[in-house]
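Start at 1 with the first residue, then count along the sequence. Remember, it's 1-based here, ligands and their atoms both numbered in the order they're listed.
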Amino acid sequence: MAGVTKSSFGKLKSGAAVDIYTLTNKNGLVAKIMTYGATLTELHTPDKDGKMADICLGFDSVAKYEKGHPYMGSTVGRYCNRIGKGRFTLGGKTYKLATNNPPNHLHGGGPKAWDKVIWKAQIVARPNGPAVQFTYFSKDGEEGYPGNVNASVIYTLTEANTLKMEYAATTDKPCPINLTNHAYFNLKGKGTILDHELYIAAKSYTEGDEDLLPTGKILPVVDTPYDFFAQPAIVGDRLLAAGGKEPNIGYDLNYVLLPGAKGYATVARLSEATTGRLLEIRTDQPGLQFYTGNFLDGTLTGKGGWKYVQYSGICLETQHFPDSPNHKNFPSTILMPGQTYRTKTEYALLVK
Ligand code: GLA
């Protein structure tokens with residue numbers, strides 16, 4: 001039945017209850033999002049023969065999420081990706097954040113990073129499909145960031161078979177904000193993503209150092225293994241040349257997206273030949289972190305007993321550039337009091 005249902009997804013160790021919302025659209029697609037981290041836990045889409053599969057990595061209990069995982073399906077904030085040495089200066093004051101990805105800050109930091117807190121949820125009316133809004137109030141100083149911030153994300157599973165995420169945030173002090181959804185996709189719902197084909201609408205990327213922190217340089221992708229624009233390619237084909245430290249070889253870099261008409265564009269297309277599934281990513285964001293699950297090492301067992309080995313899933317995280325607060329040449333990520341941060345990203349769930 002099309003619509004939204006709410007159920008319990010268990011409790012955290014603290015006893016706090018976690019709910020899960022199931023969105024079903026008229027075409028039978030299903031998305032599940034839980035209040036812990038406003039996390040996308042399941043996404044069921046048809047293949048070319050109409051056969052459904054769950055194309056997102058994740059776990060079947062909240063206990064497994066709480067035990068620790070690499071942001072599978074999470075809403076990541078206040079600042080996704082890296083901030084160099086966990087430090088930035090704003091209005092003459094230097095703020096210190098957790099260096100949870102030594103020597104840098106990653107994905108909002110420690111226990112109060114937004115993927116690890118419980119968001120409030122309410123079913124909302126949207127003209128184009130079933131929807132749920134998640135809200136979180138982050139106190140001034142939380143994880144070292146300035147300002148009381150009210151954040152929200154509305155997930156809508158549209159009748160056009162897109163999962164849409166609309167983010168908003170306000171603050172009472174200037175603060176960097178950079179939100180993303182960190183879904184790991186596998187269009188077969190099993191195996192690895194090395195056989196998936198990818199297109200990215202970008203002619204350049206932000207160069208990273210050995211800890212994946214931007215050097216500040218923006219380099220062209222042409223004639224590099226990073227070119228998925230002039231040369232859409234099978235992900236596994238050039239993977240060994242993509243960089244990374246042994247044994248974590250693979251793609252993990254931020255693309256500078258080509259600006260879309262009206263500020264909104266299809267920025268990536270991921271497809272898989274045997275199922276015919278095609279995922280199109282649309283966004284208004286300037287950057288895209290492309291990550292091939294290089295750090296997955298088979299120690300986590302996900303839904304249905306699936307062992308998450310290296311390259312089990314692919315992340316295409318729409319966002320601002322990493323470490324923007326420390327790079328004047330990158331588009332600004334500072335939200336000012338009185339302004340509203342707004343951004344949207346859509347996962348179009350298609351078949352070829
Ligand atoms: C992002 C980063 C990766 C890694 C994953 C989570 O995609 O770019 O380096 O930290 O998140 O494991």
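- Salt bridge annotation for Arg282-Glu280: present, with a cationic side-chain nitrogen under 4.0 angstrom from a carboxylate oxygen.
- By the salt bridge (charged side-chain N to carboxylate O under 4.0 Å, His left out) test, Lys245 is found to be paired with Asp211, residues two or more places apart in sequence or in another chain being considered.
- Within the structure, side chain to side chain donor-acceptor pair (under 3.5 Å) pairs that include any residue of residues 321-336 comprise Tyr79-Ser324, Asp323-Asn326, Asp323-His327 (at least two apart or interchain).
- In this structure, the ring of Phe228 has its center less than 6.0 angstrom from the ring center of Phe290.
- Under 4.0 Å from any atom of ligand 1, one finds heavy atoms of residues Pro70, Tyr71, Arg82, Leu106, His107, His182, Tyr184, Leu212, Asp252, Gln289, Tyr291, Phe295, Glu317.
- Within the structure, side chain to side chain donor-acceptor pair (under 3.5 Å) contacts touching residues 195-205 (residues at least two apart or in different chains) are Lys188-Asp195.
- Side-chain contact, Asn254 with Asn81: no donor N or O sits under 3.5 Å from an acceptor N or O.
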